[in-house]
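I have placed the structure first, in the form of structure tokens, so that the comments after it can refer back to it.
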Amino acid sequence: MKVFVNKRIPAIGIKLLEEAGLEITIPENNNLSYEEWLEYCRNTDAVLNVGANKFDKYFFEQCPNVKAVALYSVGFDHVNIKEADQRNIPIGNTPDVLSRATSDVAFLLMQSVARRASFNFQKVKEGNWGDFDPLHALGQELYGKTIGILGLGRIGFEMAEKCRKAFGMKVIYHNRHQNIEAEKELNAVYVSFEELVKQSDVLSVHANFTPEQKGFFNRSVFEKMKTNAIFINTARGGFHNQTDLYDALVSEKIWGAGLDVTNPEPMSQEDPILGLSNVCVLPHIGSATIEARNGMARVAAENIIAFSKGEKMPHCVNPEVYKD
Ligand code: DGY
């Protein structure tokens with residue numbers, strides 16, 4: 001079976017695919033254009049895919065030979081699942097292995113914003129250390145405050161647990177389903193979205209993104225948040241309206257924001273949000289640890305190998321394709 005791997009990935013993934021006797025193609029060019037990528041996909045049975053190129057109707061029509069896709073990501077918002085289902089194409093993803101790393105970044109952003117760490121680091125780099133000033137560069141402490149989690153799945157749980165253990169924060173959450181484990185272990189309290197927005201001192205987004213949620217965090221939502229609130233997004237940039245977020249930050253409707261995902265992504269260097277002292281922006285590095293990326297390579301390869309043996313992918317986002 002032919003497998004197209006569109007970017008270099010950690011060696012463990014390639015080793016597993018090779019040991020399984022699969023015919024692997026990895027292009028010399030690590031940054032294919034969309035057209036080049038599509039051409040490779042036209043000539044393969046399975047794709048192990050890194051990145052956000054869309055697996056939409058057009059893709060599936062153009063690449064009728066593709067019978068399986070293993071994403072090198074937990075998110076699958078770039079895949080039209082309905083189109084994949086119609087063609088019986090299983091779509092694999094990489095949950096769990098990146099939950100710690102991604103929640104670490106959410107936690108890091110929360111602290112960075114609360115203490116204005118990246119802004120102060122920038123000042124040091126500019127030679128602007130400044131005198132000790134009792135009224136300057138003041139952050140806020142997180143002890144005993146309320147962390148609100150939108151999307152209490154694996155990553156959200158890890159973030160809530162860190163907040164609870166490190167700062168004794170009260171956990172509230174809004175989710176599609178109640179999370180009984182989190183309620184037992186973290187005393188998490190399920191609230192409506194409106195209450196989540198109103199009560200959170202830190203609001204951290206960890207939900208799966210769907211097109212209906214585009215711009216969910218907009219002006220009217222930011223206006224309802226506490227003035228000391230910190231907005232954290234490590235899920236998908238589409239969740240927030242970045243202009244509205246900028247306005248909320250400039251007008252001090254909220255305290256600050258930590259973003260590992262932006263809207264658009266990548267964002268422009270000219271984006272005025274980058275000039276604000278109450279913001280920390282990272283370039284989508286949630287899963288960028290050696291451990292998580294090795295895990296993602298292993299899980300993505302295992303998904304492909306299972307498919308090649310006629311077995312169910314161990315991590316499949318559309319298991320309906322396996323039903324008769
Ligand atoms: C994921 O795994 O979904 C990360 O955001 C990388 O895309």
Side-chain angles (χ1 to χ4, degrees), residues 74 95-96 98-118 137-209 213 216-236 239-240 244-245 248-249 252-261 278-280 282 286:
V74 65
D96 301 325
L98 45 64
S99 301
R100 275 192 187 168
T102 306
S103 59
D104 283 349
V105 165
F107 192 72
L108 173 141
L109 286 168
M110 174 180 75
Q111 291 188 85
S112 174
V113 174
R115 298 303 302 270
R116 302 193 189 276
S118 54
L138 302 186
Q140 58 164 316
E141 297 188 11
L142 298 163
Y143 297 92
K145 297 226 167 125
T146 298
I147 172 77
I149 305 275
L150 180 68
L152 192 58
R154 289 163 284 238
I155 301 173
F157 185 96
E158 295 259 357
M159 171 64 170
E161 190 177 37
K162 287 185 227 297
C163 291
R164 182 131 190 97
K165 289 191 173 158
F167 296 116
M169 292 173 85
K170 175 180 172 201
V171 179
I172 59 174
Y173 73 101
H174 184 72
N175 206 24
R176 271 173 308 164
H177 311 288
Q178 242 178 301
N179 187 323
I180 303 298
E181 188 195 353
E183 294 189 5
K184 274 198 197 136
E185 286 189 23
L186 308 174
N187 278 338
V189 177
Y190 181 92
V191 293
S192 66
F193 179 68
E194 288 69 29
E195 284 304 316
L196 188 86
V197 167
K198 272 199 235 159
Q199 292 181 28
S200 298
D201 296 303
V202 179
L203 201 163
S204 193
V205 183
H206 298 282
N208 282 331
F209 182 70
Q213 289 160 319
F216 212 53
F217 286 88
N218 57 19
R219 185 173 310 273
S220 95
V221 171
F222 291 126
E223 270 168 12
K224 289 179 190 118
M225 286 171 76
K226 291 182 170 177
T227 48
N228 72 307
I230 296 173
F231 174 73
I232 304 291
N233 191 357
T234 54
R236 285 291 181 265
F239 270 111
H240 65 259
D244 290 357
L245 175 59
L249 291 163
E252 297 181 2
K253 291 252 178 322
I254 64 173
W255 166 275
L259 308 175
D260 186 44
V261 289
N278 49 353
V279 169
C280 180
L282 297 174

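Residue numbers count from 1 along this sequence.
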For the residue pair [X] and [Y], what are the closest heavy atoms and their distance?
| X | Y | value |
| --- | --- | --- |
| C163 | I147 | CB-CG2, 3.9 Å |
| L282 | V105 | CD1-CG1, 4.0 Å |
| L152 | A160 | CD1-CB, 4.3 Å |
| M159 | S103 | N-CB, 3.6 Å |
| A106 | S204 | CB-OG, 4.1 Å |
| S118 | V279 | OG-O, 3.6 Å |

With a 3.5 Å distance limit and no angle check, can you tell me whether [X] reaches the backbone of [Y] through a side-chain donor-acceptor pair?
| X | Y | answer |
| --- | --- | --- |
| N233 | V261 | no |
| Y173 | N179 | yes |
| D96 | S99 | no |

Report yes if some heavy atom in the side chain of Q140 is under 4.5 Å from a heavy atom in the side chain of I230; otherwise report no.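 Answer yes - side chains close enough.
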Check whether any side-chain heavy atom of R176 sits under 4.5 Å from a side-chain heavy atom of N208, and report yes or no.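 In short, these two side chains touch, coming nearer than 4.5 Å.
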Aromatic contact, H174 with Y190 (centres under 6.0 Å):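 Ring centres of Y190 and H174 closer than 6.0 Å.
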Looking at residues at least two apart in the chain, or sitting in another chain, which of them share a salt bridge (charged side-chain N to carboxylate O under 4.0 Å, His left out) with R219?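 By the salt bridge (charged side-chain N to carboxylate O under 4.0 Å, His left out) rule, R219 matches D244, D247.
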Rounded to the nearest 0.5 Å, how far does [atom2] of [Y] lie from [atom1] of [X]?
| X | Y | atom1 | atom2 | result |
| --- | --- | --- | --- | --- |
| M110 | M169 | CE | CE | 5.0 Å |
| N228 | D201 | CG | CG | 4.5 Å |
| E185 | N187 | CD | CG | 10.5 Å |
| L98 | I155 | CG | CD1 | 5.5 Å |
| F157 | H206 | CZ | NE2 | 12.5 Å |
| I254 | L245 | CD1 | CG | 5.5 Å |

Salt bridge flag under 4.0 Å for residues E194 and K198: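 The answer is no: the pair does not qualify as a salt bridge.
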After noting the C-alpha distance and the side-chain angles of F217 and F193, does the key distance pass the ring-ring contact (aromatic ring centres under 6.0 Å, His included) rule? CA-CA 11 Å; F217 286 88; F193 179 68; 5.7 Å; yes
